Amino acid sequence: QVQLVESGGGLVQPGGSLSLSCATSGSIFAVNVMGWHRQAPGKQRELVASITRGGITNYADSVKGRFSISRDNAKNTVNLTLSSLKPEDTAVYYCQMGLWVSRSNRNEYQYWGQGIQVTISS
């Protein structure tokens, strides 16, 4: 059973920085797209950033120039560096991966982490 576990969240002052990491466990053959999503109270979950296996990145307009996503294909991990943080960045952040569990199974499965709280407040 594949599991994704986020780490690195917490309380940060406005203008500060934070790094989130997402580690995997279980049987993984390869990972396609990795992404970070967030959900603020009373709002829908939204895509923050994604990165393809080849390293092509995509960011929500609200975080462009402030957040940076990276991945390690050998370790099947994904990181999100958050900088110039604003109170509106406060949310639960989720990592997400589309992956293949074995060479013989061509189905791509979507997995999500349990989420981690990021709070921006003075």
Side-chain angles (χ1 to χ4, degrees):
Q1 182 70 14
V2 175
Q3 290 187 323
L4 277 59
V5 179
E6 301 96 341
S7 61
L11 174 63
V12 180
Q13 292 187 342
S17 300
L18 195 66
S19 290
L20 302 180
S21 297
C22 180
T24 58
S25 63
S27 177
I28 298 174
F29 174 66
V31 183
N32 191 6
V33 178
M34 298 181 175
W36 285 94
H37 303 248
R38 68 185 181 187
Q39 187 166 19
K43 295 188 177 181
Q44 290 187 335
R45 190 175 299 189
E46 63 173 350
L47 174 67
V48 174
S50 64
I51 183 168
T52 67
R53 186 168 181 80
I56 298 173
T57 58
N58 179 57
Y59 296 94
D61 288 342
S62 60
V63 306
K64 282 181 181 177
R66 300 189 299 120
F67 291 10
S68 179
I69 188 170
S70 61
R71 64 186 283 170
D72 186 325
N73 288 333
K75 297 180 179 178
N76 293 324
T77 58
V78 61
N79 297 314
L80 185 69
T81 301
L82 301 76
S83 59
S84 301
L85 285 162
K86 305 174 182 180
E88 50 263 44
D89 294 318
T90 295
V92 177
Y93 284 72
Y94 300 87
C95 69
Q96 171 264 329
M97 297 186 186
L99 58 89
W100 298 278
V101 297
S102 70
R103 183 185 297 273
S104 60
N105 185 347
R106 296 185 178 183
N107 292 323
E108 182 178 327
Y109 298 95
Q110 301 297 319
Y111 285 89
W112 291 80
Q114 80 287 354
I116 192 164
Q117 180 69 45
V118 172
T119 302
I120 312 305
S121 175
S122 55

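Note: hydrogens, waters and symmetry copies are ignored here, and every other heavy atom, side chains too, is used. All figures in this text were calculated on a predicted structure; none of them were measured in a lab.
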Rounded to the nearest 0.5 Å, how far does [atom2] of [Y] lie from [atom1] of [X]?
X	Y	atom1	atom2	answer
Thr52	Asn58	OG1	CG	10.0 Å
Asn76	Cys22	CG	SG	10.0 Å
Ser84	Ile120	OG	CD1	11.0 Å
Met34	Ile51	CE	CD1	8.5 Å
Ser102	Ile28	OG	CD1	12.0 Å

Legend entry - Criterion side-chain contact (heavy atoms from CB on, under 4.5 Å) on Trp36 and Ser50, from CA distance to verdict: CA-CA 6 Å; Trp36 285 94; Ser50 64; over 6 Å; no
Inset, instruction - Check for a donor-acceptor pair, side chain of Thr77 on one end and backbone N or O of Ala23 on the other, with a separation under 3.5 Å. - result: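 Flag not set: sc Thr77 to bb Ala23 has no pair under 3.5 Å.
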Provide the closest heavy-atom pair for [X] versus [Y] in the form atom of the first, atom of the second, distance.
X	Y	result
Gly9	Ile116	N-CD1, 3.2 Å
Leu4	Met97	CD2-CG, 3.7 Å
Tyr59	Ala49	CD2-CB, 3.5 Å

Which residues pass the salt bridge (charged side-chain N to carboxylate O under 4.0 Å, His left out) test with [X], sequence neighbours left out?
X	result
Lys75	none
Glu46	Arg38
Arg66	Asp89

So [Y] and [X], do their side chains get closer than 4.5 Å, heavy atoms only?
X	Y	result
Arg71	Val31	yes
Leu18	Val118	yes
Leu82	Leu20	yes
Arg53	Asn73	yes
Tyr109	Val2	no
Phe67	Thr81	no

Inset, instruction - Just grab all the side-chain hydrogen bond (donor to acceptor under 3.5 Å, both in side chains) pairs involving residues 3-19, residues at least two apart or on different chains. - result: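 Non-adjacent pairs meeting side-chain hydrogen bond (donor to acceptor under 3.5 Å, both in side chains): Glu6-Gln114.
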Inset, instruction - Show your working on side-chain contact (heavy atoms from CB on, under 4.5 Å) between Arg106 and Phe29 and close with a plain yes or no. - result: CA-CA 10 Å; Arg106 296 185 178 183; Phe29 174 66; over 6 Å; no
Inset, instruction - Flag yes if Val12 and Val48 sit in one hydrophobic cluster, no otherwise; membership is Ile, Leu, Val, Met, Phe, Trp, Tyr, and two members link when side-chain heavy atoms are under 4.5 Å apart. - result: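 Linked within one cluster.
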Legend entry - Same cluster (ILVMFWY, side-chain, under 4.5 Å), Tyr111 and Ile69: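 They do share one cluster, since a chain of ILVMFWY contacts under 4.5 Å joins Tyr111 to Ile69.
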Is a side-chain donor-acceptor pair under 3.5 Å present for [Y] with [X]?
X	Y	value
Gln96	Gln110	yes
Asn79	Ser21	yes
Thr90	Glu88	no

Inset, instruction - Quick one: list whatever passes side-chain contact (heavy atoms from CB on, under 4.5 Å) with Ser122, sequence neighbours left out. - result: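 Here the qualifying residues are Pro14.
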Legend entry - CD/Gln44: more than 12 non-hydrogen atoms of other groups inside 6.0 Å: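 Counting neighbours around CD of Gln44, 12 or fewer heavy atoms of other residues, nucleotides or ligands fall under 6.0 Å, so no.
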Inset, instruction - Mind telling me whether Trp112 and Tyr94 have parallel, tilted or perpendicular rings, with 30° and 60° as the class edges? - result: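 If you compare the ring of Tyr94 with that of Trp112, the planes turn out perpendicular.
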Inset, instruction - Could you list the residues that satisfy ring pair (Phe, Tyr, Trp, His ring centres under 6.0 Å) with Trp100, not counting sequence neighbours? - result: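 Checked Trp100 against ring pair (Phe, Tyr, Trp, His ring centres under 6.0 Å); zero matches.
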